[in-house]
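Have a look at the structure below before the remarks.
Throughout, a chain's letter reflects where its sequence line sits, starting with A, and its residues are numbered from 1.
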Number of protein chains: 2
Amino acid sequence: MYRIGELAKQCDVKADTLRFYEKHGLLAPSTRSESGYRLYNQDDVARLRFILRAKAVGFTLNEITELLSIELDKANWACADVKGMVDNKLEQVQIKIAELTQFANSLQHLSNACCGGPDSAEHCSILEALESEDKQLHARNETAHKAQHVKHTKTVKAALT
Amino acid sequence: MYRIGELAKQCDVKADTLRFYEKHGLLAPSTRSESGYRLYNQDDVARLRFILRAKAVGFTLNEITELLSIELDKANWACADVKGMVDNKLEQVQIKIAELTQFANSLQHLSNACCGGPDSAEHCSILEALESEDKQLHARNETAHKAQHVKHTKTVKAALT
DNA sequence: CTTGACCTTAGATTAAACTCTAAGGTTTAT
DNA sequence: ATAAACCTTAGAGTTTAATCTAAGGTCAAG
Ligand SMILES: [Zn+2]
Ligand SMILES: [Zn+2]
Ligand SMILES: [Zn+2]
Ligand SMILES: [Zn+2]
């Protein structure tokens with residue numbers, strides 16, 4: 001039997017988190033001490049590890065609640081149900097990945113087009129791209145950008161002479 | 001000059017969102033009508049489009065606030081500053097992608113190991129994997145899983161005769 | 001027998017980006 | 001002139017997964 005702090009340490013979670021899981025119906029200690037302390041047994045530990053493993057593969061707590069309800073009543077569920085949940089989640093995750101990959105591409109384009117130098121950002125191609133809709137950010141534009149920078153630098157130099 | 005609803009429609013945002021952006025210092029209409037209506041001019045539209053484009057490439061509103069402060073004072077910032085922000089964001093996005101890819105892999109393993117059939121989930125390899133730490137979910141296990149299913153199915157059949 | 005580490009509860013706060021509500025004022029069209 | 005559609009404000013609610021706070025009870029060590 002573990003008290004909340006012991007279990008927390010053992011599973012590398014905060015005691016707060018365990019109380020939170022209890023409040024949200026994910027994990028309740030099987031008993032309480034006379035003084036009201038939560039006491040977790042091995043089954044509880046197993047259940048917590050189940051939760052943490054499910055979390056580690058990307059399920060939300062709500063989804064884990066569903067998984068747990070299947071876990072506790074396996075006989076009345078089919079493999080199809082369980083696999084369905086996993087496949088749904090997989091699809092969501094893949095959509096999110098596609099979205100982020102799109103972001104990464106756009107950012108890479110922006111980054112590539114910018115000289116990254118110490119010159120004034122007045123002609124920065126990143127800002128220009130964000131300012132106007134139809135600015136492309138490819139090799140050709142980078143050249144233009146650099147030319148503008150040269151122009152700009154000259155102006156600055158001229159101003160300094 | 002556009003009123004809030006017009007601008008909202010034009011840029012496919014909700015009026016609420018524009019008020020929200022105003023409250024959070026991202027975009028304020030340049031003027032107000034006598035009756036207090038927000039009136040946005042072309043610069044405001046441009047600024048909103050800037051915000052939306054930055055959002056589209058994955059910046060958070062806080063980051064966009066930073067970008068805007070550079071935009072409005074370009075001369076005092078260098079390309080290096082702007083590119084730095086983009087590269088930071090890119091790195092964050094790539095980390096997130098790596099994380100999600102890890103999730104996707106784990107989920108794919110789980111999914112592959114499960115027969116997905118209509119049989120009872122009592123021997124479902126997904127649940128088994130979540131129950132115990134060191135269960136691997138590869139071809140070999142799938143075989144074992146299927147054998148168990150057969151056993152289970154037989155039991156069910158026996159029970160039905 | 002008191003200090004410090006732990007435990008209890010309910011409820012507030014965090015981050016992000018809106019979204020909605022209440023309660024009322026204005027404009028446009030019929 | 002009245003209804004529909006729009007505008008105003010301040011502030012509360014949404015989602016996720018905790019984290020933190022206040023105010024107090026319990027226990028082991030010295
Ligand atoms: Zn540059
Ligand atoms: Zn630049
Ligand atoms: Zn199966
Ligand atoms: Zn299965």
**Message:** If you compare every side-chain N and O of A:Arg38 against the phosphate oxygens of C:dT9 (OP1, OP2), does one of them come in below 4.0 Å?
**Reply:** yes
**Item:** Between C:dT27 (P) and B:Arg32 (CZ): distance, integer Å
**Value:** 14 Å
**Request:** Using a strict 4.0 Å threshold on nitrogen-to-oxygen distance, state whether A:Asp16 and A:Arg19 make a salt bridge.
**Result:** yes
**Fill in**
A:Tyr40 atom OH is separated from C:dC6 atom C1', nearest whole Å, by 14 Å
**Message:** In this structure, would B:Met1 and B:Leu27 fall into the same cluster of hydrophobic residues linked by side-chain contacts under 4.5 Å?
**Reply:** no
**Prompt:** Which of residues 93-100 of chain B have a heavy atom under 4.0 Å from DNA chain D?
**Reply:** none
**Message:** Tell me the interatomic distance from B:Glu6, atom CD, to D:dC6, atom C1', rounded to whole angstroms.
**Reply:** 10 Å
**Item:** Atom-pair distance (CG on A:Leu18; P on C:dC6), nearest Å
**Value:** 15 Å
**Message:** So, taking the atom named CZ in B:Arg3 and the one named CG in B:Leu18, what distance separates them when rounded to the nearest 0.5 Å?
**Reply:** 14.0 Å
**Message:** Using the salt bridge (charged side-chain N to carboxylate O under 4.0 Å, His left out) definition, which of the options B:Glu131, B:Glu128, B:Glu122 pairs with A:Lys74?
**Reply:** B:Glu131
**Prompt:** How would you label the contact of B:Arg19 with the nucleic acid (heavy atoms, under 4.0 Å): base, sugar-phosphate, or nothing?
**Reply:** base
**Prompt:** Quick one: are B:Leu107 and A:Gln94 in side-chain contact, heavy atoms under 4.5 Å?
**Reply:** no
**Request:** Could you tell me whether the side chain of A:Asp44 and the main chain of A:Asn41 form a donor-acceptor pair under 3.5 Å?
**Result:** yes
**Asked** B:Glu34 has an atom CD; how far is it from atom C1' of C:dG25, in whole Å?
**Response** 15 Å
**Item:** Interatomic spacing from CZ in B:Phe59 to CD in B:Glu63 - rounded to 0.5 Å
**Value:** 6.0 Å
**Message:** Between B:Arg32 and B:Glu22, does any side-chain N to carboxylate O distance fall below 4.0 Å?
**Reply:** yes
**Asked** What string of B, S and - do you get for nucleotides 15-27 of chain D 5' to 3' if you count protein non-hydrogen atoms under 4.0 Å?
**Response** -SBBBB----BSS
